[in-house]
*Asks:* 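Structure provided below as structure tokens; questions to follow.
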Amino acid sequence: MVRISNSLTGDKDPFEPLEEGKVRMYVCGLTPYTDIHAGHARTYVAFDIVRRWLEHKGYDVIHVQNITDVEDKIFDHAAEEGVNPLQLAREEHAKAEALFDTLRLQRAHHWPKVSDHIQHIIETNQAIIENGHAYEAEGNVYFDVDSFESYGKLSNMDPDQLIEEHRDVEGEGKQDPRDFALWKSAKPDEPSWSSPWGEGRPGWHIECSVMATTIMGPRIDIHGGGRDLKFPHHENEVAQSEAATGKEPFTKYWMHTGFVTVGGEKMSKSLGNFVTAREVLEKHRPEAVRLLIAQTHYQSPIDFSWDALKDAERSLDGLMVPLERIHDATPKEGEQSHDEALLEAIEAAKSEITDAMDDDFDTPQAVASMHTLSRRINQYLDDHQPTKAVVKAIETFYAFIDDVFAIVPEERTVDGLEPELVDLLLHVRERAREEGAFELADEIRDGLETIGINVEDTSEGPVWRAA
RNA sequence: GCAGGGGUAGCCAAGUGGUUAGGCAGCGGACUGCAGAUCCGCGAACGCGAGUUCGAAUCUCGCCCCCUGCUCCA
């Protein structure tokens with residue numbers, strides 16, 4: 001049984017989806033106007049692992065991730081650059097999607113865009129007005145916070161206190177400072193659509209309610225996003241969705257990811273302390289990035305540093321050593337008495353990882369189990385030639401962790417390299433070593449290293465791989 | 001101010017009453033022509049103060065510090 005820390009209840013709740021065997025999952029996506037940074041990547045990797053785990057458990061997961069392509073920031077940015085806002089959003093989204101692929105994120109089943117859902121948004125706004133929870137004012141439509149009794153239930157905010165806090169918040173024709181826009185009247189030179197309230201465009205927040213419910217129905221299982229979206233974005237989503245459909249809870253399990261920080265402070269575009277996902281992936285393998293993220297629980301902050309990434313690279317290398325060793329080994333037929341203990345250790349590791357993941361996706365615990373098993377396998381391989389059954393079990397284990405975490409790297413290759421030539425060189429080097437010509441042997445090894453090939457001498461002879 | 005999350009060894013990070021977490025770095029050893037990898041061993045920890053308990057990182061109370069949210073935000 002999977003248990004999930006639920007922001008809505010404040011508890012770790014047993015996961016019982018609305019519909020047996022099926023999971024409706026919505027992850028707050030991008031407002032594409034510039035490069036995504038490490039913080040976005042963290043959230044998406046975290047939910048990628050959530051999805052992979054649920055799928056591993058046999059759930060049929062529908063994963064929806066929105067593209068907010070109609071939003072002030074895009075308009076502002078497009079105006080600065082002198083380009084078309086919708087075009088800018090399309091291009092930035094395409095760039096982000098390519099990065100997602102590199103990061104080994106499973107593609108969402110739906111990537112709904114606001115610009116494709118304007119009609120649905122208008123209809124939802126009308127429903128909210130009819131249900132008495134919104135009003136029109138000077139071409140704008142505002143959500144009537146005071147009419148929605150449970151406002152504040154997700155973010156644990158006191159609605160009365162919000163009145164004082166937001167005394168100064170402006171808005172054309174707003175009746176209450178807490179009210180927020182479902183529809184904004186058009187400004188010159190900005191994209192707009194016609195509506196019963198005149199030319200305009202959707203407010204921020206409403207798109208997520210509309211696209212989630214249009215695609216998945218009035219109630220969904222999991223809704224995720226960064227902690228910074230909890231208020232006001234997610235709080236407003238809850239209010240809008242429930243006000244429109246009359247069904248609650250809109251989302252059964254709300255999940256919020258911790259921030260990526262830099263020197264303890266939140267990484268954000270406005271602070272300017274960000275590192276783009278592209279920069280990170282230019283310097284590091286995606287699997288190392290994913291391991292770094294998995295080493296921290298999804299709710300805790302991750303303090304970003306290049307050193308931390310380097311550590312994760314080394315840690316990943318260590319984790320993958322057994323896999324490389326069995327690729328280099330020649331397995332033998334039959335059974336060996338000492339195989340039993342190793343096969344049991346592999347089963348034990350799987351079961352530990354399963355328990356950890358079921359417990360609110362405790363990836364750091366799961367990673368620890370992987371390391372422990374990796375050491376056990378190395379011990380075995382130090383002492384024994386593996387049998388085919390053992391090789392199979394190890395490969396199956398690595399396939400399992402790759403399935404759930406996507407952290408097993410492709411074997412590295414050097415472009416334009418003839419493996420036979422490397423083997424020939426190493427053969428010559430062995431001859432040199434036999435004759436004690438170590439200077440020549442080292443020259444060959446150093447030379448190979450400069451073209452990206454690492455040579456290691458083992459008791460079984462030299463092995464090489466791309467660095 | 002209100003609300004939430006945290007403070008665990010040099011760094012990162014699990015762990016909710018008794019049993020080695022784990023990683024990275026470090027030190028010693030085995031192996032090796034050397035290097036690397038691997039293995040074995042080692043050290044080092046629970047923010048502070050009281051309390052409960054046979055026993056507290058874990059429970060209670062008080063305090064200190066950090067981060068986040070309170071209509072830009074993954």
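So that the names make sense, note that chain A is the first sequence line, chain B the second, and so on, each numbered from 1.
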*Asks:* What contact category does A/G436 fall into here, base, sugar-phosphate, or nothing, at under 4.0 angstrom with non-hydrogen atoms?
*Replies:*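 The answer is nothing, as A/G436 stays clear of every strand by at least 4.0 Å.
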*Asks:* Would you call A/E324-A/R465 a salt bridge at under 4.0 Å N-O?
*Replies:*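 Answer for the salt bridge query: yes.
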*Asks:* Regarding B/rC34, can its base be found pairing with the side chain of A/D457 as donor and acceptor, where the two atoms are less than 3.5 Å apart?
*Replies:*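 Such a pair exists between side chain and base.
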*Asks:* For a quick check of understanding: with a heavy-atom distance under 4.0 Å over all strands, which category does A/S270 fall into, base, sugar-phosphate or nothing?
*Replies:*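 If one applies the 4.0 Å heavy-atom cut-off, A/S270 turns out to touch a base.
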*Asks:* Taking NZ, NE, NH1 and NH2 as the nitrogens, is one of them in A/K310 or A/D307 under 4.0 Å from a carboxylate oxygen of the other?
*Replies:* yes
*Asks:* By the 4.0 Å heavy-atom rule, please label A/S268 as base, sugar-phosphate, or nothing.
*Replies:*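 Since a base atom lies under 4.0 Å of A/S268, the category is base.
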*Asks:* Using Watson-Crick or G-U wobble geometry with both distances under 3.5 Å, which nucleotide pairs with B/rC72?
*Replies:*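 None - no nucleotide pairs with B/rC72, as no candidate has both distances under 3.5 Å.
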*Asks:* Hey, is the side chain of A/R433 poking within less than 4.0 Å of OP1 or OP2 on B/rU32, counting only N and O atoms?
*Replies:*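 For B/rU32, OP1/OP2 do not have a side-chain N/O of A/R433 under 4.0 Å.
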*Asks:* Can you tell which of B/rA14, B/rU38, B/rA37 lies closest to the side chain of A/E456?
*Replies:*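 Side chain of A/E456 sits closest to B/rA37.
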*Asks:* Looking only at atom C1', what distance separates B/rA45 and B/rC11, rounded to whole Å?
*Replies:* 13 Å
*Asks:* What is the distance, to the nearest angstrom, from the CG atom on A/L323 to the P atom on B/rA37?
*Replies:*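 Going from CG in A/L323 over to P in B/rA37 covers 18 Å.
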*Asks:* Look at A/R314 together with A/D311 and state whether they make a salt bridge at an N to O cut-off of under 4.0 Å.
*Replies:* yes
*Asks:* Is the shortest distance from a Lys or Arg side-chain nitrogen in A/E287 or A/R290 to a carboxylate oxygen in the other one below 4.0 Å?
*Replies:*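 A salt bridge is absent here (no side-chain N lies under 4.0 Å from a carboxylate O).
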*Asks:* Within less than 4.0 Å of OP1 or OP2 of B/rA3, is there a side-chain N or O belonging to A/K230?
*Replies:* no
*Asks:* Given B/rA35, B/rA74, B/rC24, identify the nucleotide with an atom nearest to the side chain of A/R445.
*Replies:*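 Of all the options, the side chain of A/R445 is nearest to B/rA35.
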*Asks:* Decide, yes or no, whether a salt bridge links A/D457 with A/R429 under the criterion of side-chain N to carboxylate O below 4.0 Å.
*Replies:* yes
*Asks:* In whole Å, what separates the C1' atom of B/rA57 from that of B/rA21?
*Replies:* 13 Å
*Asks:* Report the nucleotide, chosen from B/rC40, B/rU38, B/rG15, that has the shortest atom-to-atom distance to any side-chain atom of A/D382.
*Replies:* B/rU38
*Asks:* To the nearest Å, how far apart are A/Q299 CD and B/rA13 P?
*Replies:*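 Rounded to the whole Å, the gap is 14 Å.
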*Asks:* Tell me which nucleotide, if any, is Watson-Crick or G-U wobble paired with B/rA57 when both distances must be under 3.5 Å.
*Replies:* none
*Asks:* Would you say A/S300 places a side-chain N or O within less than 4.0 Å of OP1 or OP2 belonging to B/rA14?
*Replies:* yes
*Asks:* Can you tell me, in whole Å, how much space there is between the P of B/rG10 and that of B/rG1?
*Replies:*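 Result for the P pair: 33 Å, nearest Å.
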*Asks:* Look at the side chain of A/N454 and the base of B/rG36, then say whether one donor and one acceptor between them are separated by less than 3.5 Å.
*Replies:*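 Check fails, no donor-acceptor contact within cut-off.
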*Asks:* For a quick test of reading the model: is some side-chain N or O of A/H40 closer than 4.0 Å to OP1 or OP2 of B/rA74?
*Replies:*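 So the side-chain polar atoms of A/H40 do come within 4.0 Å of the phosphate oxygens OP1 or OP2 of B/rA74, strictly under.
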*Asks:* Does A/K113 come within less than 4.0 Å of A/E207, counting only side-chain N to carboxylate O?
*Replies:*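 Looking at A/E207 together with A/K113, the answer is no, because their closest N to O distance does not fall below 4.0 Å.
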*Asks:* Return the nucleotide paired to B/rU19: Watson-Crick means purine N1 to pyrimidine N3 with N6-O4 or O6-N4, wobble means G-U with N1-O2 and O6-N3, both under 3.5 Å.
*Replies:* none
*Asks:* Scan A/L103, A/I407, A/V45, A/T43 and name whichever one has a side-chain contact (heavy atoms from CB on, under 4.5 Å) with A/I293.
*Replies:*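 The residue from A/L103, A/I407, A/V45, A/T43 that satisfies side-chain contact (heavy atoms from CB on, under 4.5 Å) with A/I293 turns out to be A/V45.
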*Asks:* In whole Å, I'd like the distance from the NE2 atom of A/H371 to the P atom of B/rC39.
*Replies:*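 Whole-Å distance recorded here is 12 Å.
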*Asks:* Respond yes when some side-chain nitrogen or oxygen of A/R178 is under 4.0 Å from OP1 or OP2 of B/rC70, and no when none is.
*Replies:*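 For B/rC70, OP1/OP2 do not have a side-chain N/O of A/R178 under 4.0 Å.
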*Asks:* Give the rounded distance in Å between these two atoms: CD of A/E430 and P of B/rC34.
*Replies:* 15 Å
*Asks:* So which nucleotide does B/rA14 pair with, by the Watson-Crick or G-U wobble rule with both distances under 3.5 Å?
*Replies:* none
*Asks:* Can you tell which of B/rC24, B/rC34, B/rG36 lies closest to the side chain of A/S315?
*Replies:* B/rC24
*Asks:* With a non-hydrogen cut-off below 4.0 angstrom, is A/Q295 in contact with a base, only sugar-phosphate, or nothing?
*Replies:*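 It contacts sugar-phosphate atoms only.
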*Asks:* Could you check how far CG of A/D72 sits from P of B/rC72, rounded to whole Å?
*Replies:* 10 Å
*Asks:* Counting only side-chain heavy atoms from C-beta out, which of B/rG36, B/rG33, B/rA14 sits nearest to A/R429?
*Replies:* B/rG33
*Asks:* Taking any strand in view, what nucleotide pairs with B/rC46 in a Watson-Crick or G-U wobble way, both distances under 3.5 Å?
*Replies:* none
*Asks:* Rounded to the Å, how far apart are A/F259 CZ and B/rC72 P?
*Replies:* 14 Å
*Asks:* Using a 4.0 Å heavy-atom cut-off across all strands, classify A/G225 as base, sugar-phosphate, or nothing.
*Replies:* sugar-phosphate
*Asks:* Which pairs with one or both residues in residues 28-45 of chain A pass salt bridge (Lys or Arg N to Asp or Glu O under 4.0 Å), sequence neighbours excluded?
*Replies:*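 Listed once each, the pairs are A/D35-A/K95, A/D35-A/R278.
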*Asks:* Roughly how far apart, to the nearest Å, are B/rG7 and B/rG55 at atom P?
*Replies:* 26 Å
*Asks:* Rounding to the closest angstrom, what is the interatomic distance between B/rA37 and B/rG5 at atom P?
*Replies:*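 Approximately 42 Å lies between the P atom of B/rA37 and that of B/rG5.
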*Asks:* If I pick the P atom on B/rG22 and the same atom on B/rG43, what distance separates them, to the nearest angstrom?
*Replies:* 13 Å
*Asks:* Nearest of B/rA74, B/rG36, B/rG33 to any side-chain atom of A/C28?
*Replies:*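 Shortest atom-to-atom distance from the side chain points to B/rA74.
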*Asks:* Just compare B/rC70, B/rG36, B/rC72 and give me whichever is closest to any side-chain atom of A/F231.
*Replies:*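 Nearest to the side chain of A/F231 among the choices is B/rC70.
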*Asks:* Between B/rG29 and B/rG23, how many Å separate the two C1' atoms, rounded to a whole number?
*Replies:* 22 Å
*Asks:* Can you tell me the Watson-Crick or wobble partner of B/rA9, both distances under 3.5 angstrom?
*Replies:* none
*Asks:* Would you indicate what A/F180 reaches in the nucleic acid, counting non-hydrogen atoms under 4.0 angstrom: base, sugar-phosphate, or nothing?
*Replies:*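 Counting heavy atoms under 4.0 Å across all strands, no contact is made by A/F180.
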*Asks:* Checking only heavy atoms, does the side chain of A/R227 share a donor-acceptor pair with the base of B/rA74 at less than 3.5 Å?
*Replies:* no
*Asks:* Hey, is the side chain of A/R325 poking within less than 4.0 Å of OP1 or OP2 on B/rA37, counting only N and O atoms?
*Replies:* no
*Asks:* Who is the Watson-Crick or G-U wobble partner of B/rC39, with both distances under 3.5 Å?
*Replies:* B/rG29
*Asks:* Heavy atoms under 4.0 Å, any strand shown: does A/K73 hit a base, just sugar-phosphate, or nothing?
*Replies:* base
*Asks:* Hey, does A/V260 reach any base, or is it just sugar-phosphate, or nothing, if we go heavy atoms under 4.0 Å?
*Replies:* base
*Asks:* Distance check needed: B/rG23 P versus A/I293 CD1, whole Å only.
*Replies:*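 Distance check: A/I293 CD1 to B/rG23 P gives 21 Å.
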*Asks:* With heavy atoms under 4.0 Å as the rule, sort A/D317 into base, sugar-phosphate or nothing.
*Replies:*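 Nothing, no heavy atom under 4.0 Å.
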*Asks:* Under 3.5 Å, is there an N or O donor on one side and an acceptor on the other linking the side chain of A/R375 and the base of B/rC39?
*Replies:* no
*Asks:* If the cut-off is 4.0 Å, is A/N156 near the phosphate of B/rG4, judged by side-chain N/O to OP1 or OP2?
*Replies:*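 Answer is yes, contact under 4.0 Å.
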*Asks:* Identify whether any heavy atom of A/H233 sits under 4.0 Å from a base atom; if not, whether one sits that close to sugar-phosphate; answer base, sugar-phosphate or nothing.
*Replies:*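 Nothing, no nucleic acid heavy atom in range.
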*Asks:* Whole Å only: how far is the NE2 atom of A/H297 from the P atom of B/rG15?
*Replies:*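 That distance rounds to 7 Å.
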*Asks:* Examine the side chains of A/W204 and A/N236 and answer whether a donor and an acceptor come within less than 3.5 Å of each other.
*Replies:*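 Side chains of A/W204 and A/N236: no pair found under 3.5 Å.
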*Asks:* Does A/M267 reach a base, just sugar-phosphate, or nothing at all? Heavy atoms under 4.0 Å.
*Replies:* base
*Asks:* Does the pair A/R325/A/D382 count as a salt bridge with the N-to-O cut at 4.0 Å?
*Replies:*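 Between A/D382 and A/R325 there is a salt bridge, with a charged N closer than 4.0 Å to a carboxylate O.
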